[in-house]
Amino acid sequence: MSNPSPHLGALLIIFAATALAGNCRAADPPHQAAAEIKRGEYLAIAADCAACHTAPRAKPFAGGLPIGTPLGTIYSTNITPSTDFGIGRYTEEEFSQALRRGIRRDGANLYPAMPYTSYAKFTEEDVRALYLYFTRAVEPVEQRPPSTSLPFPMNIRASMIAWNLLFLDSGPFVPDRNQSPEWNRGAYLVQGAAHCGTCHTPRGLLMQEEDSRALSGAQVGPWYAPNITPDPISGIGRWTKEELIAYLHTGHLSGKAQAAGSMGEAVEDSFQHLAAADLDAIATYIKTIPVVRDPADRVSRFSAGKMSSALAQLRGRDGIRSDSESDPGGAELFQGNCASCHSTEGQGSKDGYYPSLFSNSATGARNATNLIATILYGVNRTTSERQAFMPGFGGHPTDANPLSDRNIAALGNYVLTHYGSADTIITEQQVAEVRWGGPSSPLLALARGGMAAAAVIVLLGAALFIIRRRGAAAWRAKRTAPCT
Amino acid sequence: MSDSYPDDCPTAFSLTRRRDVLVGGLLFGAIAALPTLPAVAAPALWSDEAAARFMEISSLLVPHRLKAEIGSRMGAAMMALNPALLQQIDGLLSIARAKNARVVEDFFADVPDGPLKDTALAIISAWYLGVVTGAPDAEVFAYEYALMYGPTRDVMTIPSYAISGPNRWTADAPPLSNMPEF
Amino acid sequence: MANDHSADIVVVGTGVVGCLIAQQAVDAGLSVLMLEAGPRVDRWRIVENFRNLPPSLRLFHWNAPYPPKPWAPHLETRTASEQEQYLQLEGPNARAYLQGYVRYAGGATWHWAGICWRLTPEDMRLRSLYGVGRDWPFGHEIIEPYYTRAEYAIGVSGPSDPMLQWPTNGKRSKPYPMGPIPFGPGEHRFTEAAAKLGMINLPAPQARNSGVSYDGRPACCGNNNCFPVCPIAAKYDAATALPKIEAKGGKILANAVVYRIETDEKNSIQAVHFFDPDKRSHRVTGRLFVIACNGIETPKLLLLSKDERNPNGVANSSDQVGRNMMDQPKLTAELELQEPLWTGVGPVQSSSILNTTQGDFRGRHAGAMFRMENFARSPLGAAAALKKGLVGKALDAEIRRLSACTARLTVEHEILPSANNRLTLSSQKDWLGINKPNIHYDVGDYVRRSAEEYTVPRLRRLAAELGATKFQLSPEFLNSDHIMGGCIMGTEPATVVVDTDCRAHDHPNLFLPGGGAMPSATASNSTLTMTALALKAADAIVNQLKHG
């Protein structure tokens with residue numbers, strides 16, 4: 001959503017006010033409106049609007065969160081009901097257009113940093129509930145966030161039209177009558193509000209979500225959103241429904257996985273607050289989606305590795321270590337940096353607070369991105385239950401114990417060999433790439449290079465999808481730096 | 001000077017005398033009795049067979065899970081200090097066999113005072129402390145796997161390793177008689 | 001001589017005092033250069049150094065995982081002769097000044113216990129109230145806001161119940177940023193036993209993250225290794241501040257041994273000179289200089305820097321530089337108990353008795369702080385059980401018993417400032433040719449009377465209350481590693497070294513903040529007071545450079 005055009009006059013303000021009044025439907029009993037607002041608030045949590053529209057330690061939904069991207073900084077907008085700086089003038093229809101079609105009130109296209117392709121699934125009723133919540137229950141914040149100005153040609157917002165034509169589904173969610181209401185509720189939430197596919201579904205050539213491989217895993221900035229289809233090898237087919245619910249609720253599943261990066265934040269801001277029935281519905285649906293198997297996967301990422309250590313050879317060999325020795329081995333880096341919490345043989349703490357490093361999605365996956373990102377950026381996830389915290393080892397400039405790319409590669413390879421996907425090898429370059437914010441896409445370079453106009457438009461849309469994903473992850477990584 | 005007084009200093013501290021007293025020896029009486037020479041590299045006669053015999057007597061002397069890799073390194077270091085080690089191990093093994101021993105209590109009373117008993121105690125000490133000498137620059141063969149932390153592992157951590165998640169330790173302590181497995 | 005570096009503020013020393021001042025200065029937009037004599041070493045290397053130490057050195061030899069560089073020697077204690085190499089100590093209580101600070105980037109906070117007691121209002125008025133020692137040049141109400149800022153700057157956890165806070169009569173403008181760290185079984189039992197004697201064992205405020213992360217550092221998970229090194233930086237140490245200073249543009253130069261402070265015609269400080277590891281000299285200019293090298297290295301450097309304008313050394317027209325050296329003379333008692341106490345669960349120090357530091361008796365003898373040490377005693381238990389020649393199940397049972405049923409009690413005494421407790425330059429030189437520090441130390445009758453009449457009898461009663469079957473007292477006073485005095489603070493330039501902002505009376509652009517400035521020691525750990533003084537100095541420094 002955008003900053004309102006300065007050309008709008010007083011007339012329009014009155015007009016907007018009238019429209020707003022019209023939408024209030026004086027006939028509604030107050031308790032009904034209150035219930036709708038409450039539902040809107042809940043949907044805003046399910047959709048995790050705050051993740052982008054609330055900056056750390058700032059007022060809710062006032063925007064201004066800088067999302068660093070290789071193309072420039074995108075600032076999230078003020079979506080409080082401020083008439084001058086927020087969405088105070090939006091009618092319900094205009095709100096719906098922005099939410100579901102990516103078209104803001106002045107007709108300009110939103111950058112797809114806003115996941116409107118998923119929000120397109122919202123029903124009319126839910127759009128209305130969200131509208132009522134944002135316009136009536138959210139405190140207006142009279143503050144203009146910095147405006148986004150990307151360099152040419154990215155500043156041509158109209159370029160999104162072509163991409164939308166190709167890839168924006170038009171209709172809201174349609175229930176499947178052959179499935180249970182619970183399944184349909186789950187499908188609605190997964191495809192719509194929770195926008196799981198935005199991160200977990202791989203992208204095609206033009207960066208559209210590939211429906212045929214839905215939720216089978218994709219790169220998100222420095223993190224990798226893994227395969228969550230019910231395949232027993234590549235996906236989460238061996239998780240029980242209860243385990244999936246517990247994971248969404250706490251972000252932690254002993255002997256399997258912990259949520260970090262964007263998923264940690266999704267648990268913290270969104271999933272842990274959802275009703276038990278909705279988590280149940282999401283799990284019900286996820287357990288039934290088509291499986292996607294990566295033929296290269298031999299074992300489940302949750303079952304790799306075992307309890308072990310190199311201590312029998314390591315101890316005492318070097319005695320006192322010099323500060324100038326530049327090339328320490330993975331074993332000593334592991335003992336000195338990781339084992340103090342994850343225990344001598346990688347088994348984690350007895351009470352399970354510090355996870356074991358074997359039987360762990362981050363180490364067991366053939367794609368080592370999440371292991372690298374975890375070492376660099378750490379984990380900082382707070383649920384009602386507790387805070388799960390691991391410091392980063394150099395991903396933030398203020399990290400107390402920074403490690404070099406070379407050290408992290410050596411450390412990561414030791415962890416993979418002993419506790420995880422033993423065939424995977426981490427290179428120094430890979431660490432550098434994750435430190436930078438994730439692998440880059442050739443599409444970006446093509447779009448920048450200047451091509452035939454149509455291609456530019458399509459590719460630009462594609463590029464912006466990449467930035468949304470990388471950008472969100474990058475700022476999330478940054479957010480773990482300051483805490484408490 | 002009391003050699004049992006555990007502190008960061010010799011108790012009769014003096015600035016000009018007492019050179020070259022091993023503080024470690026004062027603190028850890030058990031290793032003070034051990035040679036104070038640093039272990040040198042394994043001599044040529046240390047072999048897989050020797051390591052196997054060292055592990056055999058170790059498993060009779062010490063009723064706990066032992067790592068063969070550590071045993072091999074410690075045995076080699078001990079032999080560098082005590083060339084008669086293998087013969088003494090054989091002597092201990094024959095006493096144990098004569099008693100059909102499965103644990104140390106079955107045969108230890110039969111081990112005569114002198115070199116055989118000293119060696120038996122030195123082997124036990126090495127497994128518990130992770131070093132074979134009391135020298136301040138002694139090579140450490142085991143820290144995390146040193147058995148000294150075993151008898152209290154249900155209560156205390158091995159220093160520098162987490163005992164639990166944040167603030168999850170409590171003021172409850174188990175009875176003294178609950179010996180943990182290790 | 002080359003003029004190699006320059007900054008608005010040159011900070012010598014990268015311990016907690018230097019780092020907090022540097023952080024305030026970079027936040028105020030000033031350029032900062034920090035010079036550290038020692039190396040900058042990764043935490044994981046120190047952790048692994050510790051684990052690779054032989055068991056005899058893992059306890060009590062807190063400097064052992066920090067091998068010094070030849071150019072930045074500090075105390076080493078692996079052998080008695082090694083112990084005599086650097087610090088040259090003399091006098092009746094030489095042993096009690098064997099200070100184990102660390103010349104590494106991050107300083108002695110690498111192996112501090114993290115304990116953060118505040119002074120009481122009475123602690124700052126010894127002369128007025130009890131006729132001994134010196135008064136502070138300002139009252140408790142002046143230092144209180146700085147205490148609070150210090151607690152938030154380094155992240156102190158502590159109780160929210162005022163009955164469990166210290167001091168009991170001092171204002172506290174904000175609660176602790178984190179709640180207390182839980183007691184283990186030993187502290188719990190010790191607290192109960194002490195209470196029967198009217199000794200109140202309080203949960204210690206500690207710069208250790210309790211339950212949650214703070215400032216990017218994780219929560220304490222009971223590694224029981226606060227000294228010699230917190231392996232995860234749950235405890236604040238100044239090494240954790242270094243990247244934060246650099247992220248804001250501050251510069252840190254390790255292995256830069258400052259050996260001279262240079263004055264100009266107006267007797268302002270113009271430069272400092274340092275040796276690099278190749279013994280080459282470098283000159284560093286700045287607008288303002290902070291010497292934050294702790295209580296021994298700071299006076300040593302001032303004395304080394306004498307010139308024609310300052311024949312007794314820089315900042316020393318009063319002849320008080322290096323005098324009034326203080327610490328808390330410590331006695332320890334080793335106990336063997338009938339019943340298990342089980343120390344070693346949680347941080348190595350987490351509580352203390354402080355009501356014994358206060359009272360009208362301070363006119364006659366020192367007050368003192370009592371504590372049960374909470375380190376894991378399993379290594380000591382194992383060594384003692386092995387020495388008995390036990391084997392098999394009997395050996396394990398005896399290790400368990402000796403680990404659970406033994407304890408160490410500690411009492412730390414308040415010392416009075418004395419001009420005769422003095423640091424001078426030794427004729428012995430270090431690797432760079434710099435004079436080693438020589439310290440004459442006598443704990444004085446004030447402390448000896450306290451031990452005789454007050455503390456040792458109480459130690460014995462505490463031991464009896466705990467059911468001790470053996471009681472072994474340390475035969476002499478020991479160091480507590482809380483270096484104070486040496487650059488004492490006051491308003492009369494003739495009798496003191498620094499003013500109320502830790503600014504040298506002799507030099508308007510020279511600050512000597514930290515424990516050296518404290519005019520009274522009291523019986524409790526000094527770091528929070530040092531830190532508060534650092535923040536007070538930082539305000540003055542920023543003000544002086546921005547508006548000055």
Side-chain angles (χ1 to χ4, degrees), chain B residues 2 5-13 15 18-25 27-31 61 63 103-105 108 121 124-125 128-131 134-138 140 143-144 146 148-152 155-157 159-167 169-173 176 179, chain C residues 47 50-57 60-61 77-81 84 89-90 94-95 98 181-185 188 210-211 219-225 231 332 334 340 342 344-346 376 378-380 382-384 386-387 389 391-393 396-397 399-401 403-404 472 474-476 478:
Chain B
S2 155
Y5 178 66
D7 195 62
D8 41 350
C9 64
T11 51
F13 177 85
L15 289 166
R18 297 247 160 249
R19 291 187 179 275
D20 303 314
V21 173
L22 293 174
V23 180
L27 227 188
F28 284 76
I31 33 182
L61 288 167
V103 292
V104 61
E105 285 88 351
F108 199 73
L121 290 173
I124 294 170
S125 174
Y128 275 80
L129 299 179
V131 287
D137 56 351
V140 173
Y143 173 55
E144 295 82 350
M148 63 174 145
Y149 301 107
T152 54
V155 186
M156 297 174 196
T157 187
S160 78
Y161 289 95
I163 192 168
S164 65
N167 289 0
W169 56 91
T170 68
D172 303 323
L176 209 51
M179 181 61 68
Chain C
V47 173
F50 163 76
R51 292 173 182 158
N52 284 323
L53 287 174
S56 56
L57 297 180
F60 314 124
H61 296 264
T77 58
R78 287 176 297 182
T79 64
S81 62
E84 297 164 17
L89 306 176
E90 58 184 52
R95 171 60 189 85
L98 199 68
I181 301 245
F183 276 2
H188 188 67
S210 172
C220 174
C221 48
N223 309 58
N224 199 248
N225 211 61
T332 64
E334 294 295 322
W342 287 120
V345 178
S378 35
L380 296 175
L386 285 164
K387 198 182 169 197
V391 300
K393 286 194 163 60
D396 291 340
I399 292 175
R400 187 167 168 90
R401 186 186 75 80
S403 305
Q472 192 180 14
S474 57
E476 64 176 327
L478 309 169

Closest heavy-atom pair, C:R51 versus B:V140, reported as atoms and distance to 0.1 Å, is O-CG1, 4.1 Å
How long is the straight-line distance from OG of C:S378 back to OH of B:Y128, given to the nearest 0.5 Å? 13.0 Å
Measuring from atom CG of C:L386 to atom CD1 of B:I124, what distance do you get when rounded to the nearest 0.5 angstrom? 8.0 Å
Heavy-atom closest contact (B:M148 atom, C:P55 atom, distance): CE-CB, 4.1 Å
Examine whether an atom of B:V103 lies under 4.5 Å from a heavy atom of chain C, and if so say whether it belongs to the side chain, the backbone or both; otherwise answer neither. neither
Provide the closest heavy-atom pair for B:P136 versus C:T79 in the form atom of the first, atom of the second, distance. CG-CG2, 4.0 Å
Chain B: which of C:P231, C:P340, C:C220, C:S403 shares the most heavy-atom pairs with it under 4.5 Å? C:C220
If you look at every heavy atom in B:T157 and C:A376, which pair is closest and at what distance? O-CB, 4.4 Å
Check: B:L176 main-chain N/O paired with C:R400 side-chain donor or acceptor under 3.5 Å: yes
For C:W342 and B:A173 the tightest heavy-atom approach is CD1-CB, 3.1 Å
Let me confirm one number: the CG-CG distance from B:D137 to C:L53, rounded to the nearest 0.5 Å. 11.0 Å
Write down the atom of C:G344, the atom of B:M156, and the distance for their closest heavy-atom approach. O-CG, 4.2 Å
Just so I understand: if I count every heavy-atom pair under 4.5 Å between each of C:I399, C:V47, C:V391, C:I181 and chain B, which residue has the most? C:V391
Counting heavy-atom pairs under 4.5 angstrom with chain C, the leader among B:P63, B:S160, B:P159 is B:S160
Can you confirm whether B:Y161 sits close enough to C:C221 that some side-chain heavy atom of one is under 4.5 Å from a side-chain heavy atom of the other? no
Consider only side-chain N and O atoms of C:S210 and B:N167, and report whether a donor and an acceptor are under 3.5 Å apart. yes
